[in-house]
Undergrad: 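I'd like to ask you about the structure that follows.
Predicted, not measured: the structure shown is a model, and the values here were computed from it.
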Amino acid sequence: AKAKMECGTYREAIDDAKRAIQLGNEDSINAEIIATAKLNLGEYKESIKYFNDIIDNNAENPINYLERAEAYIGVGKFEAAKSDAVTARDQSANNYHRVMSILFELISSYILDENINQLEELYHSELENEFDMTWKLDELRSVLNENDLSKDDKKQVNDWIDSLSEKSDL
């Protein structure tokens with residue numbers, strides 16, 4: 001299932017992970033594969049259900065909160081996305097995961113019409129740190145474009161994503 005995830009064959013990855021679970025391999029990695037594959041397929045509600053179960057069983061993995069935050073953004077639940085982003089940021093020692101957490105928090109706070117000045121400063125200061133890009137920013141753009149955001153909101157959010165994208169090109 002992992003290899004199929006890496007190849008982008010998400011439906012096959014889901015099938016393999018479900019088969020492994022049926023065969024008694026209840027390893028959380030199989031549930032994570034299903035949740036992430038559903039996220040990548042744009043099946044946000046299903047993805048959230050899987051991430052809820054995963055987080056209920058292991059609340060210590062910031063990546064699960066980050067991915068669930070992205071799924072929440074996909075369904076327009078910005079309060080929940082912000083909450084998960086804050087949790088991921090608080091739990092993560094990885095610079096890149098911190099940047100993504102702050103980006104998700106920034107996007108959610110902006111859409112919720114909250115004051116973002118300090119958060120935006122924090123985001124840009126975190127971009128100065130060294131990290132390896134692993135998030136698929138085009139997928140994030142796609143998730144955001146599925147929301148009913150105004151043209152100005154989409155532009156602002158894409159500007160933040162662009163600053164992260166520029167960092168990855170260095």
Side-chain angles (χ1 to χ4, degrees), residues 5 8 10-11 14 32-55 59 61-170:
M5 282 295 291
Y10 302 123
R11 291 265 176 239
I14 291 169
E32 289 174 11
I33 287 170
I34 295 169
T36 302
K38 289 194 172 287
L39 174 65
N40 292 340
L41 290 167
E43 297 173 10
Y44 306 121
K45 288 180 182 177
E46 285 295 310
S47 178
I48 291 167
K49 288 178 189 175
Y50 277 93
F51 280 120
N52 287 344
D53 290 341
I54 293 164
I55 290 169
N61 186 344
I63 296 170
N64 292 329
Y65 286 98
L66 242 133
E67 290 187 336
R68 188 172 69 176
E70 184 177 354
Y72 278 136
I73 289 171
V75 295
K77 293 187 174 185
F78 296 103
E79 287 285 349
K82 179 181 167 189
S83 175
D84 274 2
V86 169
T87 301
R89 177 172 48 123
D90 291 344
Q91 287 186 354
S92 185
N94 177 303
N95 287 338
Y96 184 64
H97 295 148
R98 281 186 51 78
V99 167
M100 290 307 298
S101 302
I102 295 166
L103 176 60
F104 289 172
E105 184 181 357
L106 186 59
I107 290 167
S108 298
S109 295
Y110 178 76
I111 300 301
L112 292 168
D113 239 358
E114 298 175 352
N115 185 325
I116 58 165
N117 294 337
Q118 287 182 316
L119 207 50
E120 192 167 24
E121 284 177 30
L122 178 61
Y123 176 66
H124 288 291
S125 76
E126 288 286 332
L127 284 178
E128 301 300 317
N129 293 324
E130 290 296 317
F131 54 81
D132 294 324
M133 290 287 292
T134 55
W135 216 265
K136 295 178 179 125
L137 297 179
D138 288 339
E139 286 180 14
L140 177 57
R141 286 181 208 279
S142 175
V143 168
L144 287 161
N145 286 330
E146 291 179 25
N147 280 282
D148 190 24
L149 304 179
S150 72
K151 188 176 179 178
D152 289 341
D153 288 349
K154 284 183 182 179
K155 182 186 178 332
Q156 177 59 66
V157 167
N158 278 307
D159 286 349
W160 289 322
I161 295 171
D162 288 344
S163 15
L164 182 55
S165 186
E166 289 166 13
K167 165 76 176 178
S168 70
D169 292 339
L170 299 178

Undergrad: What's the separation between atom CZ in Phe78 and atom CD1 in Ile111, rounded to the nearest 0.5 Å?
TA: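 It is 5.0 Å, given to the nearest 0.5 Å.
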Undergrad: Hydrogens and angles aside, do Asp153 and Tyr110 bring a side-chain donor and acceptor to less than 3.5 Å of each other?
TA: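 There is such a pair between these side chains.
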Undergrad: Check side chain to side chain donor-acceptor pair (under 3.5 Å) between Asn61 and all other residues, then give those that pass, not counting sequence neighbours.
TA: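 Counting only residues at least two positions away or on another chain, Asn61 forms no side chain to side chain donor-acceptor pair (under 3.5 Å).
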Undergrad: Which pairs count as salt bridge (Lys or Arg N to Asp or Glu O under 4.0 Å) when at least one residue sits in residues 86-96, sequence neighbours excluded?
TA: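 Sorted result for residues 86-96: Arg89-Glu105.
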Undergrad: Can you tell me how far apart CG (Asn94) and CZ (Arg98) are? Round to the nearest 0.5 Å.
TA: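 Going from the CG atom of Asn94 to the CZ atom of Arg98 covers 10.0 Å.
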Undergrad: Grab the two heavy atoms, one from Ala81 and one from Ser108, that are nearest each other, plus how far apart they are.
TA: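 That would be CB-OG, 3.4 Å.
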Undergrad: To the nearest 0.5 Å, how far apart are CD1 in Ile73 and CD in Glu70?
TA: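 Interatomic distance, Ile73 CD1 to Glu70 CD, rounded to 0.5 Å: 7.0 Å.
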Undergrad: With a 4.5 Å heavy-atom cut-off, do Leu164 and Val99 have their side chains touching?
TA: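 The answer is yes, as the side chains (C-beta and beyond) meet within the 4.5 Å cut-off.
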Undergrad: Given side chains that start at C-beta, do those of Phe51 and Glu67 come closer than 4.5 Å, heavy atoms only?
TA: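 Sidechains of Glu67 and Phe51: in contact.
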Undergrad: Look at the side chain of Thr36 and the backbone N and O of Glu32, then say whether any donor-acceptor pair between them is shorter than 3.5 Å.
TA: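 Side chain of Thr36 to backbone of Glu32: a pair is present.
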Undergrad: One pair to check against side-chain contact (heavy atoms from CB on, under 4.5 Å): Ser101 and Val86. What are the steps and the verdict?
TA: CA-CA 7 Å; Ser101 302; Val86 169; over 6 Å; no
Undergrad: Which pair of heavy atoms, one from His97 and one from Leu66, lies closest together, and at what distance?
TA: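 The pair with the smallest heavy-atom distance is O-CD1, 3.6 Å.
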Undergrad: Go through the steps to decide whether Ile14 and Leu41 satisfy the test side-chain contact (heavy atoms from CB on, under 4.5 Å), and finish with yes or no.
TA: CA-CA 11 Å; Ile14 291 169; Leu41 290 167; 3.8 Å; yes
Undergrad: Please test Phe104 against Lys82 for side-chain contact (heavy atoms from CB on, under 4.5 Å), starting from the C-alpha separation and ending with a verdict.
TA: CA-CA 7 Å; Phe104 289 172; Lys82 179 181 167 189; over 6 Å; no
Undergrad: Does the side chain of Asp53 come within less than 4.5 Å of Lys49's, by heavy atoms?
TA: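 Answer no - side chains too far apart.
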Undergrad: Is any side-chain heavy atom of Lys38 closer than 4.5 Å to one of Ile34?
TA: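 Sidechains of Lys38 and Ile34: in contact.
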Undergrad: Please list, one pair per line, the donor and acceptor atoms closer than 3.5 Å that link side chains of residues 117-124 to other protein atoms, with sequence neighbours excluded.
TA:
unit_1	atom_1	unit_2	atom_2	d
Glu120	OE2	Trp160	NE1	2.8
Tyr123	OH	Trp160	O	2.7

Undergrad: Output yes when a side-chain donor or acceptor of Ser47 lies under 3.5 Å from a complementary backbone atom of Glu43, and no otherwise.
TA: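 Such a contact is absent between Ser47 side chain and Glu43 backbone.
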Undergrad: Roughly how far, to the nearest 0.5 Å, is CG of Leu127 from CG of Leu103?
TA: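 That separation rounds to 8.5 Å.
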Undergrad: Let me confirm one number: the NZ-CD1 distance from Lys77 to Ile48, rounded to the nearest 0.5 Å.
TA: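 If we round to the nearest 0.5 Å, Lys77:NZ and Ile48:CD1 are 6.0 Å apart.
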Undergrad: Find the distance between CD1 (Ile33) and CE (Met5) and round it off to the nearest 0.5 Å.
TA: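 Rounded to the nearest 0.5 Å, the CD1-CE separation comes out at 7.0 Å.
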